[in-house]
Number of protein chains: 4
Amino acid sequence: MSGNTIGRSFCVTTFGESHGPAIGAIVDGCPPGLEISESDIQADLEPRRTGTSQFTSQRQEPDRVKILSGVFEGRTTGTAIGLMVDNVDARGRDYEKIKDRFRPGHADYAYQQKYGIRDYRGGGRASARITVATVAAGAIARKWLHERLGLTVAGFLSQIGPHRLECVDAGAARANPFFCADPGRLAELESYIRELRRDGDSVGARVTVRARGVPPGLGEPMFDRLDADIAYAMMGINAAKAVEIGDGVATAGQRGTEHRDELTPEGFATNHGGGTLGGISSGQDLIVHVTFKPTSSIPSPGRTIDVAGAATEIATTGRHDPCVGLRAVPIVEAMLLLVLMDHALRRRAQCADVVAGTPDITR
Amino acid sequence: MSGNTIGRSFCVTTFGESHGPAIGAIVDGCPPGLEISESDIQADLEPRRTGTSQFTSQRQEPDRVKILSGVFEGRTTGTAIGLMVDNVDARGRDYEKIKDRFRPGHADYAYQQKYGIRDYRGGGRASARITVATVAAGAIARKWLHERLGLTVAGFLSQIGPHRLECVDAGAARANPFFCADPGRLAELESYIRELRRDGDSVGARVTVRARGVPPGLGEPMFDRLDADIAYAMMGINAAKAVEIGDGVATAGQRGTEHRDELTPEGFATNHGGGTLGGISSGQDLIVHVTFKPTSSIPSPGRTIDVAGAATEIATTGRHDPCVGLRAVPIVEAMLLLVLMDHALRRRAQCADVVAGTPDITR
Amino acid sequence: MSGNTIGRSFCVTTFGESHGPAIGAIVDGCPPGLEISESDIQADLEPRRTGTSQFTSQRQEPDRVKILSGVFEGRTTGTAIGLMVDNVDARGRDYEKIKDRFRPGHADYAYQQKYGIRDYRGGGRASARITVATVAAGAIARKWLHERLGLTVAGFLSQIGPHRLECVDAGAARANPFFCADPGRLAELESYIRELRRDGDSVGARVTVRARGVPPGLGEPMFDRLDADIAYAMMGINAAKAVEIGDGVATAGQRGTEHRDELTPEGFATNHGGGTLGGISSGQDLIVHVTFKPTSSIPSPGRTIDVAGAATEIATTGRHDPCVGLRAVPIVEAMLLLVLMDHALRRRAQCADVVAGTPDITR
Amino acid sequence: MSGNTIGRSFCVTTFGESHGPAIGAIVDGCPPGLEISESDIQADLEPRRTGTSQFTSQRQEPDRVKILSGVFEGRTTGTAIGLMVDNVDARGRDYEKIKDRFRPGHADYAYQQKYGIRDYRGGGRASARITVATVAAGAIARKWLHERLGLTVAGFLSQIGPHRLECVDAGAARANPFFCADPGRLAELESYIRELRRDGDSVGARVTVRARGVPPGLGEPMFDRLDADIAYAMMGINAAKAVEIGDGVATAGQRGTEHRDELTPEGFATNHGGGTLGGISSGQDLIVHVTFKPTSSIPSPGRTIDVAGAATEIATTGRHDPCVGLRAVPIVEAMLLLVLMDHALRRRAQCADVVAGTPDITR
């Protein structure tokens with residue numbers, strides 16, 4: 001109950017800290033018979049690895065995943081899948097100077113207040129490094145959802161600082177370190193990040209993710225709505241500050257006649273709602289936006305207190321991302337995959353034999 | 001698991017439909033010894049009642065709550081608290097005309113696809129009427145949180161259509177049907193709603209809620225973060241399309257030096273983060289914004305399909321709110337109270353005897 | 001989390017006390033489309049009613065169940081089913097004399113230690129009266145399991161005090177107040193109970209329940225084994241002190257060659273295991289035994305303490321059963337039905353499309 | 001939800017198979033600040049190791065536990081604790097001959113029916129080897145419960161085949177391979193096991209465990225009763241067929257005047273109930289008995305079917321225990337510790353500030 005598990009039917013429980021020996025996950029509830037290999041999972045881990053470009057953290061982690069259980073002769077057995085990734089390039093000594101003071105905007109202070117103790121090395125459990133476990137688990141969900149339902153999930157960077165970015169070519173997003181789906185603007189982003197580095201500063205970002213092929217009927221009617229569980233999953237990513245479905249915050253300014261997505265025998269006429277109706281998937285594309293605050297660990301000095309409560313100053317050096325949002329796309333995709341997988345299984349539990357009695361206009 | 005329960009330590013499970021005989025909740029995990037009466041709960045139900053102004057639905061429901069268990073001689077016993085509110089002014093016949101077709105933007109189509117059957121009367125389980133149960137449960141949380149922790153929660157309408165509204169006087173919000181905390185702008189809002197009614201249209205809105213007195217240390221480090229659970233709770237409210245914590249979507253455009261809330265011995269210098277660090281409460285005020293889409297049930301005709309899949313048209317008459325966001329403030333407050341109560345108890349489970357070892361700068 | 005909910009996929013949450021206004025349940029996760037009526041449920045409530053024979057409590061409760069939600073036009077909709085039964089014959093005044101002292105063997109003392117407050121009227125939440133809610137929920141599970149899987153559950157009294165009873169005629173068990181499946185021994189039981197009443201004493205009992213038509217593959221491999229969840233459910237019934245599967249305690253004295261149920265193409269050769277292998281249903285009949293301690297509320301005076309801790313004496317009059325085990329059969333059946341229903345749905349979530357690849361020798 | 005997690009507030013999730021690379025657990029919800037080391041855990045693992053006497057399986061596993069997270073500078077941090085034990089002496093080839101046929105009494109057939117695939121090597125996930133993870137997690141619970149509450153848990157073998165054994169010297173149980181607390185009977189047991197080996201047979205057993213220092217007030221009133229959760233935990237151990245609390249199955253034959261434990265200012269006069277009242281701990285010693293069926297993997301040939309459903313015969317050689325109950329004592333202890341730890345934390349969540357208002361006669 002201490003919050004290291006996500007999901008009800010497809011459950012992922014993780015462990016690990018930034019500078020401990022390893023990070024891992026237990027995936028519980030995966031349907032048996034799914035072909036899965038370490039290289040299938042590795043393919044999803046690559047995009048979130050650090051040290052692969054000059055625009056992200058320089059920490060060198062191979063992120064090699066090991067499957068420790070739950071797979072036999074190349075197929076899932078239906079029992080718990082143990083996944084592990086060793087931490088290879090941990091440098092605990094880098095953090096001696098933040099041992100006794102709290103980084104503004106970082107989890108340091110809150111952890112100390114909650115637990116009375118904290119693993120200050122690299123942010124401990126609060127590090128974005130931990131998301132390697134989530135992404136590994138998401139890769140299993142991705143394979144099943146694609147094979148059984150034809151469902152795909154793909155994200156891109158839709159804003160960084162003042163730059164708003166469109167999805168011109170979805171496939172391009174995984175081909176550059178910015179997850180930018182508008183290749184014509186890469187030079188602009190490169191110089192922007194260099195400027196940030198020069199200023200010793202960081203910046204926020206917004207990521208957009210779209211799931212295609214979502215069957216209608218996923219999500220529960222009251223609290224575990226599909227959009228509610230997505231909001232929970234996304235807001236649980238490090239540095240997330242906002243989650244929007246479909247037109248999101250813009251709907252506050254819309255009229256009903258403008259927002260409602262009319263139904264026609266050929267499908268929905270528009271998609272302002274972002275793929276849910278009453279919290280249940282409509283079969284339309286699912287569209288989610290997540291906003292990330294700027295990285296709190298930055299070289300620019302700021303005011304803070306030390307553990308004794310005295311005023312002091314802090315400047316974080318070490319190997320940090322100037323924009324955590326840049327590497328968030330694979331994580332956002334993984335979280336969406338986990339939620340969709342969970343609800344796909346939940347739907348089978350209750351509604352495996354339902355006949356809708358009305359045509360599915362999204363197929 | 002079908003999503004009618006919220007919370008882990010303080011659990012609320014609800015039942016009921018818009019036009020069934022009654023709506024109710026079971027509140028499980030409430031600490032024993034809390035003085036609570038039906039009138040304590042009633043006080044929280046009043047603000048969300050319909051039929052009390054011309055600006056909301058004209059359905060006349062007294063919303064009288066009955067406590068059926070869990071309270072003995074005026075105090076909670078620690079066992080399950082049963083709450084029930086009768087539906088008095090249900091008019092099932094109003095809905096005959098939508099029986100065979102789906103309202104655009106409404107849950108109708110998704111329910112039919114999921115379950116193959118739906119209670120079409122007043123939206124059934126998808127109706128905002130159901131929130132009477134959540135608000136009743138929230139009233140119990142409110143009392144405990146205030147008595148034991150001095151914690152208070154208050155919300156207001158921060159946007160409706162093109163009108164953005166400030167919190168000039170928090171106390172004023174409950175004194176008008178718009179939950180507007182800027183009394184000088186009431187006339188403007190009244191004429192705006194009248195115009196909407198005239199146009200047979202509806203509009204979106206944004207609600208802001210603030211919790212004061214939140215102790216630091218609430219929320220789990222990985223998935224059940226305080227902000228994640230808040231996002232889950234808020235996105236689970238009917239018509240919610242976005243949840244923001246603190247500066248929310250604006251943080252995508254902020255720099256680290258601008259966003260980070262510096263710590264001083266006298267407290268945090270700013271509150272861009274909205275009260276959480278690493279998903280755990282910092283002791284700062286908790287600030288949450290929820291955006292609601294426009295009501296989908298509107299008189300303006302729109303294109304849709306019937307249950308056989310044929311193209312047709314629909315215009316919803318009946319007793320609907322022109323802006324569901326208008327009555328959302330008590331619901332948003334209740335959801336936040338439920339999440340805070342749950343995490344207050346969860347914190348006791350794991351950390352009842354923690355000594356923080358560092359001063360709490362928020363007290 | 002305070003333990004008023006049972007089940008993961010088919011979840012039942014209950015409220016109510018012996019002498020409160022009503023007892024109820026919320027059934028969450030029921031598949032949609034099931035035909036169910038109040039009279040279907042009533043049929044399962046009748047056998048556990050008090051006041052219907054001279055051998056049980058004389059409390060007169062009609063136990064009329066009301067369906068408050070989740071059923072529309074005679075079919076389940078897939079949303080939460082609210083059930084309620086009014087308490088009609090509560091006599092709170094009967095309990096004034098036990099207000100300040102604890103009945104030996106009763107929950108009184110433990111409740112006081114845990115909560116610091118207790119509803120002493122009729123045992124409050126600890127009363128067997130509460131099981132009316134569980135039995136009502138079990139009736140829904142019974143109908144679905146029978147209609148969809150052909151599964152049936154039936155129990156009988158297998159021991160009361162020194163009398164061990166066989167299942168001579170399973171159908172006879174519901175035709176007498178002892179749930180005795182050996183009609184030739186009814187006179188013996190009647191005189192035994194009369195003797196107990198005369199002595200102001202009570203006695204323990206053992207109930208046996210058998211499920212036929214259980215599909216193989218129900219139950220999880222590690223903790224939520226089918227037998228573990230059954231043990232949990234049964235030990236959660238008032239006064240239960242032992243749960244056995246198949247040969248139960250006798251297996252301590254068995255050899256492997258004697259116990260193991262050999263497989264043949266025509267089925268299992270024997271059924272010592274009681275229907276589970278590795279915690280998962282084998283397709284054999286499921287056989288469960290539950291032992292109940294003697295009723296603690298008896299007229300024979302005993303030593304106890306009062307709330308101040310001083311030595312005193314107590315004798316419980318009022319309307320009590322001389323043997324709680326006598327009315328336990330419908331409750332044991334209901335608990336088994338709830339567990340089987342939950343696992344039937346859970347199996348669909350994970351394994352809906354499994355092909356066993358080996359013949360099912362139990363069909 | 002697929003049953004690899006136990007506990008609500010202190011949650012243990014495990015992974016691993018008998019012949020996979022490793023077995024592990026994630027312990028979630030441990031209070032921060034607890035001093036814990038790998039050697040603390042190792043001390044609990046030793047008693048359940050195989051290969052340490054001629055009376056158990058000869059598989060040689062060092063069972064070295066590694067702490068992978070959640071502990072910093074020797075103390076728990078409150079975040080997820082990752083534990084791992086490598087499998088060193090796996091011999092998959094031993095199992096080729098059972099690949100295509102099902103051992104009577106073993107999980108083989110049920111797994112195949114459920115999942116359509118099974119890791120047949122050493123029983124895969126159904127192997128008692130997996131309990132190494134549970135015992136490791138239990139060691140953490142043991143340390144906290146002892147340090148904070150003074151609570152201790154100790155078990156012994158109370159029956160094996162026809163031999164019933166008393167607890168003459170509780171401390172002696174860990175000093176012999178039979179966990180026999182009556183040292184005078186060791187020679188008798190040794191010759192009994194040798195006889196079983198000679199016969200190519202196995203035998204059942206019964207284990208008794210006692211917890212001292214349990215505070216009153218643990219356990220929930222309805223479903224998650226302390227005894228219900230104990231029954232769930234114990235019946236979830238491999239080969240368990242019965243769980244009894246206190247006088248257990250014998251209570252069916254007891255009268256109320258005999259069974260009820262009278263209260264006196266100096267404590268309870270007797271302990272027939274085994275430490276719970278109404279499912280809540282009374283503060284008396286908690287007494288639990290678990291019965292284990294005979295090992296199903298035995299050399300004596302028996303009838304079975306192959307995967308195609310044809311009749312065949314099987315005889316299991318390999319390295320098996322002639323009596324699984326012999327090594328069950330550390331596992332039974334661990335399960336009880338996990339349940340008590342979970343409820344100790346759950347009690348804090350709801351009742352941290354309760355004043356009982358009546359003396360605790362057990363202290």
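Letters A, B, ... are given to chains in the order of the sequence lines, protein chains preceding strands, and every chain is numbered from 1. Predicted, not measured: the structure shown is a model, and the values here were computed from it.
For chain C, the option among B:Thr14, B:Ile81, B:Asp342 with the highest count of heavy-atom pairs below 4.5 Å is B:Thr14. Taking C:Gly124, C:Gly116, C:Gly82, C:Ala25 one by one and counting their heavy-atom pairs under 4.5 Å with chain B, the maximum is reached by C:Gly82.
The contact list for residues 63-79 of chain B toward chain C, using heavy atoms and a distance under 4.5 Å, reads B:Ile67, B:Leu68, B:Ser69, B:Gly70, B:Phe72, B:Glu73, B:Arg75, B:Thr76, B:Thr77, B:Gly78, B:Thr79 by residue number.
Every side-chain contact (heavy atoms from CB on, under 4.5 Å) that B:Val324 has, sequence neighbours left out, goes to B:Ala239, B:Phe292, B:Thr295.
The main-chain N or O of C:Asn4 is found under 3.5 Å from a side-chain atom of B:Asp28 such that the two form a donor-acceptor pair.
Contacts between B:Arg118 and chain C at a heavy-atom distance below 4.5 Å involve the backbone alone (N, CA, C, O).
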Open item on the list: Run B:Ile26 and C:Ile26 through side chain to side chain contact (heavy atoms under 4.5 Å, CB included) and show every step you take.
Closed with: CA-CA 8 Å; B:Ile26 301 178; C:Ile26 301 179; 3.9 Å; yes
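Looking at every heavy atom in both residues, B:Glu17 comes nearest to C:Ala80 through OE2-O, 4.2 Å.
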